[in-house]
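A short worksheet on the structure shown next.
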Amino acid sequence: MAEAHAAVAFQFTVTNEGIDFDINHEALKAVFESGMRSWVKRFRRFQNGMVNTTYPASPLSWLAVLTAVTACSLARVDPSMGMIEKLKENVLPVDYLGPAPTIYLSTVIFATFLWLAIIFTLRFILKRLLSYRGFMYEVRGKVSIQTKIWAMLLKCFVTRKPRLFSYQNALPNLPLPSLHDTMRRYLLSVRGFLNDEEFEQMELLVKDFEVGLGPRLQRYLRLKWLWSVNYVSDWWEEYVYLRGRDPIMVNSNYYGMDSIAMQPTNIQAARAANFTISLLRFRREIERETLKPLMMQGMVPLCSYQYERLFNTTRMPGLETDTLVHHKDSKHIVVLSRGRFYKLVFQVNGTMLSPAELQKQFQWIIDDPSEPMEGEEHLPALTAGDRIPWALARQRFFTRGVNKISLRAIDTAAFMVILDEEEQDYDTFPTPLKDDWNQNRKLDKFSHSLLAGNGYNRWFDKCFNLVIFKNGRMGVNAEHSLADSPVMAHLFEYAFGEDIMVIGYNADGSCKGEVKATYAPPVHLKWELPDEVRTVMETSLETAKKIADDLDFHLLVHNQFGKGAMKKCKVSPDAFIQMGMQLAYFRDAGKFNLTYEASMTRLFRDGRTETVRPCTISSCDFVKCMEDPSSSKAQRLAAFRKACDAHVAGYRDAMCGKGIDRHLFCLYVVSKYLNEESPFLQKVLSEPWRLSTSQTPHQQMNKLDITKHPEYISAGGGFGPVARDGYGVSYIIAGEDVVFYHVSSNNSSASTDSWRFAKGIIKANRDILSLFQ
């Protein structure tokens with residue numbers, strides 16, 4: 001009963017002398033302060049909402065409009081052209097209010113309507129300006145007059161201190177391509193790797209679809225386009241991510257790494273504390289909307305909606321589909337250490353714990369001699385296995401008692417922190433890189449651990465897991481459905497900069513500052529796990545281990561040359577890298593294949609990604625030319641430039657809403673709603689992406705100057721292969737001289753080998769560069 005007595009603010013007893021009150025002033029003070037913080041947050045949300053609603057104007061501009069209208073009225077100039085008088089005579093009760101108050105009120109009403117009209121006009125103009133895509137297709141160094149005029153007009157609307165969501169309402173909607181245009185682009189995208197007979201068959205399927213079922217599906221899709229701000233994103237999130245019943249470990253989640261060349265501390269608790277504080281500062285900037293939205297070329301804003309669910313979010317398993325549950329606030333994280341779960345409160349009475357105080361809390365967990373409760377160690381395996389068994393187990397065993405309380409602590413946590421028992425490290429690599437050096441497996445082991453762990457030391461349902469290894473190295477494992485890797489990379493870049501450049505460490509590697517207060521230690525979460533749920537856990541763990549054991553990973557450090565040399569060739573570095581992979585894949589597999597490259601569509605409201613298809617007619621011609629001994633250097637160079645130009649054009653089209661695959665995907669979803677079968681859509685959606693690629697952006701904030709501090713270079717992150725017999729390749733262009741390739745495949749596939757493909761990438765890049773020497 002002690003807890004119950006401590007929880008009340010005052011007590012009273014009834015005696016023969018009356019009622020005796022015993023008021024707990026400290027408790028009342030805590031209640032008052034908690035209420036004040038709650039109201040402050042509500043006011044801040046209201047204030048941000050008003051600012052974003054009135055953007056590109058401001059709430060204070062209403063006062064300016066009212067002042068101007070009032071001044072004109074006093075000067076006997078009617079700016080309303082009689083509307084103020086009509087409001088006074090026909091709308092407002094003059095007899096009840098009196099002549100003077102009525103004229104003042106009608107002036108306020110007119111000024112408000114005028115203010116709203118100005119806001120919507122400005123927003124309409126801004127939206128039209130942001131719909132312009134001509135600048136994307138300008139040749140470098142040659143800017144048209146139209147683009148120059150557009151840039152000058154846009155600068156008038158882009159404020160110096162925009163809030164995170166200031167531009168959301170002004171971003172244009174993702175355009176819906178015409179059916180004919182998508183069919184034409186699709187045929188062009190597959191012509192390079194289909195033989196004549198296969199292409200003729202595909203042409204027949206396309207023609208049948210375009211004159212048959214296609215127009216009907218397009219009409220329904222146009223209704224959705226008219227009704228929603230983005231006709232793709234909600235279906236993409238639901239059907240591609242949340243409805244998948246296979247394990248999300250490796251198949252969906254992705255990972256990121258910290259700096260490649262520096263280690264700020266080898267104290268696990270200190271690194272966990274500093275980085276946790278850094279992440280929470282980013283969360284605070286999101287909540288207060290003080291984080292600046294990312295701007296392309298410093299002028300064109302990118303959609304920011306994915307930031308809303310970066311924290312306090314968990315993926316809830318379901319029988320047919322999972323759901324994302326986001327909580328507005330959280331004052332704790334959950335820490336997983338040696339198979340034990342702890343709830344660690346990082347905010348007490350509105351005050352954040354200091355890094356030194358947080359380090360003490362983490363160290364307490366590390367030093368805690370208690371053992372995991374029965375079954376607790378393998379509990380995270382439920383999130384690594386198939387989704388249906390986890391959903392059934394959650395419904396049956398985690399909806400009451402201590403299991404419900406403990407699982408809710410995980411669900412509502414800001415994020416997970418994993419204090420890993422292993423040590424991970426990087427190799428000191430020579431410059432220039434030697435081929436045999438890349439056979440070293442330290443980096444591969446590091447990547448494998450971040451992506452899959454051991455099957456039971458990551459909570460894959462959480463928005464992200466901050467993984468701190470025993471020697472202070474760290475990384476992150478992120479859930480994919482709530483946000484794409486560029487957003488997580490933005491978060492990671494910010495936190496790394498705060499960790500190293502702002503917060504820092506003492507000379508001995510511990511956190512700076514002093515422990516000024518003593519807080520209650522973290523709470524070891526309790527579990528009651530009967531034999532039935534432990535059986536499900538072991539089955540899920542077996543599934544997870546099969547996936548992890550089958551994962552073949554290689555992290556290639558390509559530092560013989562990088563972006564600097566590629567730019568001297570006067571081609572896009574991304575196009576150079578993609579053509580290198582096309583050449584490497586053809587040499588590895590002996591054939592061309594459908595290739596996936598992710599491109600963002602965040603120039604549009606609620607935009608996520610679109611597919612670029614790097615395997616084009618031009619890229620196939622280039623590879624054939626490279627493999628033809630009779631072709632000259634000039635012919636190969638011309639073919640390479642043509643392939644790069646085609647790739648850049650395809651990438652721009654994808655970013656500008658002219659992609660193929662999201663349109664085809666949505667047509668397929670409509671066909672399923674209508675119970676219509678389309679042989680064309682069935683074939684398109686079943687085609688395997690045997691080479692799936694993605695570029696991780698670097699220096700999105702310019703917070704870290706890697707020119708002055710090359711040791712800050714991040715190795716980026718990666719993901720698992722999409723096809724069972726294919727490769728997954730994530731790459732990051734880190735500075736002028738290094739490119740990191742995260743190559744994944746499956747050991748069970750006889751046709752793939754990650755190290756072999758990485759070696760092929762090195763050779764292909766060398767062969768391409770030799771064309772310019």
Side-chain angles (χ1 to χ4, degrees), residues 26 29-30 33-34 36-38 40-41 44 258-259 262-288 290-291 310-312 329-337 341-368 409 412-420 464-474 476 491-524 703-704:
E26 289 298 320
K29 181 181 178 182
E33 290 177 349
S34 176
M36 284 297 295
R37 288 193 299 271
S38 177
V40 167
K41 283 188 175 181
R44 187 179 295 124
D258 65 350
S259 170
M262 70 172 297
Q263 187 173 0
T265 180
N266 57 7
I267 301 176
Q268 187 179 26
R271 193 75 195 276
N274 263 19
F275 218 83
T276 296
I277 294 294
S278 302
L279 292 168
L280 292 173
R281 288 182 179 181
F282 191 85
R283 187 186 77 153
R284 183 177 60 192
E285 290 210 32
I286 293 175
E287 290 174 345
R288 296 180 178 180
T290 54
L291 184 70
L310 271 181
F311 295 87
N312 323 331
D329 194 17
S330 178
K331 296 179 177 63
H332 74 275
I333 56 175
V334 170
V335 183
L336 178 60
S337 173
F341 290 85
Y342 295 86
K343 180 181 178 180
L344 194 165
V345 177
F346 56 76
Q347 186 175 336
V348 179
N349 293 331
T351 302
M352 191 88 70
L353 270 66
S354 70
E357 292 164 345
L358 202 54
Q359 178 183 347
K360 183 179 179 181
Q361 297 286 72
F362 280 119
Q363 194 63 50
W364 186 93
I365 293 173
I366 294 170
D367 297 337
D368 183 8
T412 58
F415 52 90
M416 290 281 294
V417 174
I418 312 297
L419 298 177
D420 205 292
F464 63 88
N465 291 235
L466 174 63
V467 184
I468 309 293
F469 294 99
K470 194 172 183 179
N471 59 342
R473 291 293 191 184
M474 63 91 187
V476 64
L491 163 64
F492 212 60
E493 182 182 332
Y494 175 98
F496 184 75
E498 289 288 309
D499 175 28
I500 304 300
M501 302 177 65
V502 180
I503 303 176
Y505 298 88
N506 292 321
D508 62 352
S510 61
C511 292
K512 292 182 178 180
E514 298 178 356
V515 179
K516 296 181 180 180
T518 301
Y519 297 98
V523 177
H524 186 180
K703 193 178 183 73
L704 302 173

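Going from atom CG of L279 over to atom CZ of F464 covers 5.0 Å, rounded to the nearest 0.5 Å. Here the CG atom belonging to L358 is positioned 12.0 Å from the CD atom belonging to Q363, to the nearest 0.5 angstrom. Note that OG of S278 and CG of D499 are 5.0 Å apart. Values are rounded to the nearest 0.5 Å. L419 contributes atom CG, which lies 7.5 Å from atom CD1 of I468 (distance to the nearest 0.5 angstrom). Taken to the nearest 0.5 Å, the NE2 atom of H524 stands 10.0 Å off from the CD1 atom of I365. Taking CZ from F415 and CD1 from I333, the interatomic distance works out to 5.0 Å, rounded to the nearest 0.5 Å.
For A270 against Y505, the heavy-atom pair with the smallest separation is O-CE2, 3.8 Å. Across every non-hydrogen atom of F346 and S330, the tightest pair is CZ-O, 3.3 Å. Across all their heavy atoms, E498 and R281 have their closest contact at OE1-NH1, 2.8 Å. Between M474 and L466, the closest heavy-atom pair is SD-CD1, 4.2 Å. For the pair L353 and I277, the tightest heavy-atom approach, listed with the atom from each and the gap, is O-CD1, 3.3 Å.
Exactly one of I418, V417, N465 qualifies for a side-chain contact (heavy atoms from CB on, under 4.5 Å) with L336. That residue is I418.
Salt-bridge annotation for K360 and D367: absent, with no side-chain N of the basic residue lying under 4.0 Å from a carboxylate O of the acidic one. The existence of a salt bridge linking R283 and E287 is confirmed by a sub-4.0 Å separation between a basic side-chain nitrogen and an acidic carboxylate oxygen.
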Exercise answer: donor-acceptor pairs, residues 508-516 side-chain atoms, under 3.5 Å, sequence neighbours excluded:
residue	atom	partner	partner atom	Å
D508	OD1	S510	N	3.1
D508	OD1	S510	OG	2.7
D508	OD2	S510	OG	3.4
S510	OG	N506	ND2	3.2

### Task
Walk me through it: do R271 and D258 pass the test side chain to side chain contact (heavy atoms under 4.5 Å, CB included)?
CA-CA 12 Å; R271 193 75 195 276; D258 65 350; 3.2 Å; yes
### Query
Run the side chain to side chain contact (heavy atoms under 4.5 Å, CB included) check on V476 and F492 step by step: do they pass?
CA-CA 9 Å; V476 64; F492 212 60; 3.9 Å; yes
### Message
Evaluate I366 against W364 for side chain to side chain contact (heavy atoms under 4.5 Å, CB included), listing each step before the verdict.
### Response
CA-CA 5 Å; I366 294 170; W364 186 93; over 6 Å; no
### Message
Applying side chain to side chain contact (heavy atoms under 4.5 Å, CB included) to Q263 and N471, what does each step give before you reach the verdict?
### Response
CA-CA 9 Å; Q263 187 173 0; N471 59 342; 4.1 Å; yes
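In this structure, V334 and L344 have side chains that are not in contact, with every pair of non-hydrogen atoms separated by 4.5 Å or more. At a threshold of 4.5 Å between non-hydrogen side-chain atoms, the residues M262 and I500 count as touching. Taking the side chain as every heavy atom from C-beta outward, Q359 and I267 approach each other to under 4.5 Å.
Under the 30°/60° scheme for interplanar angles, the aromatic rings of F311 and F282 are found to be tilted.
Judged purely by atom type and a 3.5 angstrom limit, Q361 has no side-chain atom pairing as donor or acceptor with the backbone of A273. Side-chain atoms of E357 do not come within 3.5 Å of backbone N or O of Y519 as any donor-acceptor pair. Between the side chain of N274 and the backbone N or O of G504, at least one donor-acceptor pair lies under 3.5 Å. Between the side chain of H332 and the main chain of A409, a donor-acceptor pair closer than 3.5 Å is present. Under the 3.5 Å distance criterion, the side-chain polar atoms of Q268 are matched with a main-chain donor or acceptor of D420.
A donor-acceptor pair shorter than 3.5 Å can be found between the side chains of E285 and Y494.
Here F496 and F275 keep their ring centres 6.0 angstrom or further from each other.
Partners of F362 by ring pair (Phe, Tyr, Trp, His ring centres under 6.0 Å), not counting sequence neighbours: none found.
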